[in-house]
Amino acid sequence: MVLTVNVAFAENETVSLNETIYVSNDGSDSLGDGSSTAPYATITKALSVIPKQLNGYTARIYLESGTYPEKLTINGFSGGTLMFTGVTGASISVTSISIQHTEMLIFRNLNFSVMGSNDVLYGVHITASHMVVDTGSFSVSNASVSGIYAILGSTVYFTTLTVSAVGNAVNASNGAQIIAGTITGTASENGLRATAGGHIFYGTNTLSVPAMYVTSSGGRILTGAQTSIPNY
């Protein structure tokens with residue numbers, strides 16, 4: 001059995017067990033140590049103390065409900081799982097997320113909101129990474145190019161995805177796959193865009209958009225049981 005403890009990693013420490021780092025709006029990046037009694041104030045600080053090589057273990061960032069006005073960059077975590085979690089139903093807001101070359105990022109027990117801003121092109125930009133939202137909700141707003149943009153073989157899964165005030169709602173390109181149970185919301189340009197071998201799979205889609213589907217260069221958008229490869 002693998003022990004889980006609740007003390008933050010020391011910087012550059014080798015991972016040898018599952019670990020939880022705590023973040024709260026009431027915490028402190030300078031005075032906190034990432035423990036439950038002395039949490040950090042920012043998600044960026046929590047990410048900075050986690051070793052990139054996880055050695056088969058799980059690093060959990062436990063988030064208290066709140067607004068974290070951060071443009072998160074999650075880059076290069078491999079060999080295990082990086083997880084954002086909290087008490088069931090916790091509501092978390094960030095400005096944007098860039099996920100790069102990360103083997104597995106999981107969102108669990110959170111209602112997670114990416115707020116965007118005037119200078120945000122992509123609400124969530126996923127490059128050569130795997131991302132799973134397995135419980136709770138996920139929403140993206142205020143992104144001028146795409147709410148969700150996955151490229152370079154990324155795989156992204158949402159139970160429920162809501163978008164608003166974005167250019168393209170969901171964009172998969174260069175062999176990426178985006179899978180969503182339910183997609184809702186609005187976009188000013190396209191709903192689902194799959195290009196250069198990107199695939200989008202969905203169960204229910206109630207987006208309100210000028211153009212729902214755009215495909216090119218081997219892109220595929222699929223729903224329901226597939227008995228043949230659609231010619232589009």
Undergrad: Can you check whether A46's main-chain N or O pairs, donor with acceptor, with S48's side chain at less than 3.5 Å?
TA: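 Pair absent, no side-chain N/O of S48 close to backbone of A46.
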Undergrad: Heavy atoms, side chains only, cut-off 4.5 Å: are E64 and N25 in contact?
TA: no
Undergrad: Would you check if the side chain of Y62 reaches a backbone N or O of V87 as a donor-acceptor pair within less than 3.5 Å?
TA: yes
Undergrad: Look at the rings of F107 and F112 and say which category their plane angle falls in: under 30° parallel, 30 to 60° tilted, over 60° perpendicular.
TA: perpendicular
Undergrad: Please check if the side chain of K52 supplies one atom and the backbone of N75 the other of a donor-acceptor pair under 3.5 Å.
TA: yes
Undergrad: Compare all side-chain heavy atoms of F77 with those of S129 and state whether any distance is below 4.5 angstrom.
TA: no
Undergrad: So which heavy atom on I50 is nearest to which on A59, and how close?
TA: CG2-CB, 3.9 Å
Undergrad: What is the minimum heavy-atom distance between T37 and P39, and which atoms define it?
TA: C-CD, 3.6 Å
Undergrad: Passes side-chain contact (heavy atoms from CB on, under 4.5 Å), E189 versus N171? Steps please.
TA: CA-CA 11 Å; E189 297 181 29; N171 191 338; over 6 Å; no
Undergrad: Would a hydrophobic clustering, with Ile, Leu, Val, Met, Phe, Trp and Tyr connected at side-chain separations under 4.5 Å, put I148 with L121?
TA: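 No, I148 and L121 fall in different hydrophobic clusters.
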Undergrad: Among I106, I43, V94, V23, which one satisfies side-chain contact (heavy atoms from CB on, under 4.5 Å) with F84?
TA: I43
Undergrad: Is there a donor-acceptor pair closer than 3.5 Å between any side-chain N or O of T127 and the backbone N or O of H101?
TA: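 No, the answer is negative, given that no donor and acceptor are paired below the 3.5 Å cut-off.
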Undergrad: Just by distance, no angles: are the side chains of S164 and T186 close enough, under 3.5 Å, to form a donor-acceptor pair?
TA: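 There is no such pair (donor and acceptor under 3.5 Å, judged by atom type) between the side chains of S164 and T186.
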Undergrad: Hey, what do you get for OG (S93) to CD (E70), rounding to the nearest 0.5 Å?
TA: 11.5 Å
Undergrad: On a heavy-atom basis, which atom in A172 and which in I200 lie closest, and how many Å separate them?
TA: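 The answer is CB-CG1, 3.8 Å.
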Undergrad: Could you state the interatomic distance from CD (Q100) to CD1 (I97), rounded to the nearest 0.5 Å?
TA: 12.5 Å
Undergrad: Treating S154 as the side-chain partner and H130 as the backbone partner, does any N or O pair qualify as donor plus acceptor under 3.5 Å?
TA: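 Judged by distance alone, no pair lies under 3.5 Å.
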Undergrad: Strictly distance-based, threshold 3.5 Å: is any side-chain N or O of N109 a donor or acceptor partner for the main-chain N or O of T85?
TA: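 Flag not set: sc N109 to bb T85 has no pair under 3.5 Å.
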Undergrad: Is there a path of hydrophobic side-chain contacts, each under 4.5 Å between heavy atoms, that joins V145 and V163?
TA: no
Undergrad: When clusters are formed by joining ILVMFWY residues with side-chain heavy atoms under 4.5 Å apart, either directly or through shared neighbours, do I61 and I126 land in the same one?
TA: yes
Undergrad: With no hydrogens and no angle check, is any side-chain donor or acceptor of T215 less than 3.5 Å from a backbone partner on R220?
TA: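 No, T215 side chain to R220 backbone: no donor-acceptor pair under 3.5 Å.
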Undergrad: Using side-chain heavy atoms (C-beta onward) and a distance below 4.5 Å, is I92 in contact with Y68?
TA: yes
Undergrad: Could you measure the distance from the CG atom of N142 to the OG atom of S144? Nearest 0.5 Å is fine.
TA: 10.0 Å
Undergrad: Spell out, as yes or no, whether a donor-acceptor pair under 3.5 Å connects the side chain of N111 to the backbone of S137.
TA: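 Answer holds: yes.
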Undergrad: Calculate, to the nearest 0.5 Å, the distance between atoms CG and CG belonging to L82 and L47 respectively.
TA: 6.0 Å
Undergrad: Nearest heavy-atom pair of S96 and Y122: which atoms, and what distance?
TA: CB-O, 4.1 Å
Undergrad: Specify the closest pair of heavy atoms between S188 and P210, including all atoms of both residues, with the distance to one decimal.
TA: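 That would be O-CG, 3.2 Å.
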Undergrad: Does the side chain of M131 come within less than 4.5 Å of V124's, by heavy atoms?
TA: yes
Undergrad: On a heavy-atom basis, which atom in I183 and which in A180 lie closest, and how many Å separate them?
TA: CG1-CB, 3.6 Å
Undergrad: Using only atom types and a distance under 3.5 Å, with no angle test, would you say the side chain of N174 pairs donor to acceptor with the backbone of A196?
TA: no
Undergrad: So T73 and S98, side chain to side chain donor-acceptor pair (under 3.5 Å) or not? Walk me through it.
TA: CA-CA 5 Å; T73 297; S98 175; 4.9 Å; no
Undergrad: Is there a side-chain contact between Q53 and S78 (heavy atoms, below 4.5 Å)?
TA: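 Side-chain contact under 4.5 Å: yes.
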Undergrad: When you group the ILVMFWY residues by side-chain heavy-atom contacts below 4.5 Å and let the links chain together, are M104 and L152 in the same group?
TA: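 No, L152 does not connect to M104 through the hydrophobic network.
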Undergrad: Would you say T223 and N205 make side-chain contact, with heavy atoms under 4.5 Å?
TA: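 Of all side-chain heavy-atom pairs linking N205 with T223, none is under 4.5 Å.
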Undergrad: Taking I178 as the starting point, is it possible to reach Y149 by hopping between hydrophobic residues whose side chains are less than 4.5 Å apart?
TA: no
Undergrad: Assess the residue pair T44 and L72 against the criterion (side-chain contact (heavy atoms from CB on, under 4.5 Å)); give the C-alpha distance rounded to whole Å, side-chain angles, the decisive distance to 0.1 Å, and a yes or no.
TA: CA-CA 6 Å; T44 298; L72 297 177; 3.7 Å; yes
Undergrad: Would the distance check show the side chain of D29 and the main-chain N or O of T42 forming a donor-acceptor pair, the cut-off being under 3.5 Å?
TA: yes
Undergrad: Any side-chain heavy atom of Y202 sitting closer than 4.5 Å to one from L161?
TA: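 A side-chain contact under 4.5 Å is absent here.
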Undergrad: Take T195 and S217 through the side-chain contact (heavy atoms from CB on, under 4.5 Å) test and state the conclusion after the steps.
TA: CA-CA 6 Å; T195 62; S217 304; 5.6 Å; no
Undergrad: If you link ILVMFWY side chains whenever their heavy atoms are less than 4.5 Å apart, which other residues fall into the same cluster as V214? By chain and number, please.
TA: none
Undergrad: Kindly compute the distance separating CG (N190) from CG (N168), expressed to the nearest 0.5 Å.
TA: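 Result: 4.5 Å between the selected atoms.
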Undergrad: Please report the interatomic distance CZ(F138) to OG1(T160), rounded to the nearest 0.5 Å.
TA: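 F138 atom CZ to T160 atom OG1 measures 12.0 Å (nearest 0.5 Å).
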Undergrad: Show, in sequence, the C-alpha distance, side-chain angles and deciding distance for E103 and L54, and conclude whether the side-chain contact (heavy atoms from CB on, under 4.5 Å) test is met.
TA: CA-CA 10 Å; E103 190 168 316; L54 296 173; over 6 Å; no
Undergrad: Side-chain contact, heavy-atom cut-off 4.5 Å: L192 with L207?
TA: yes
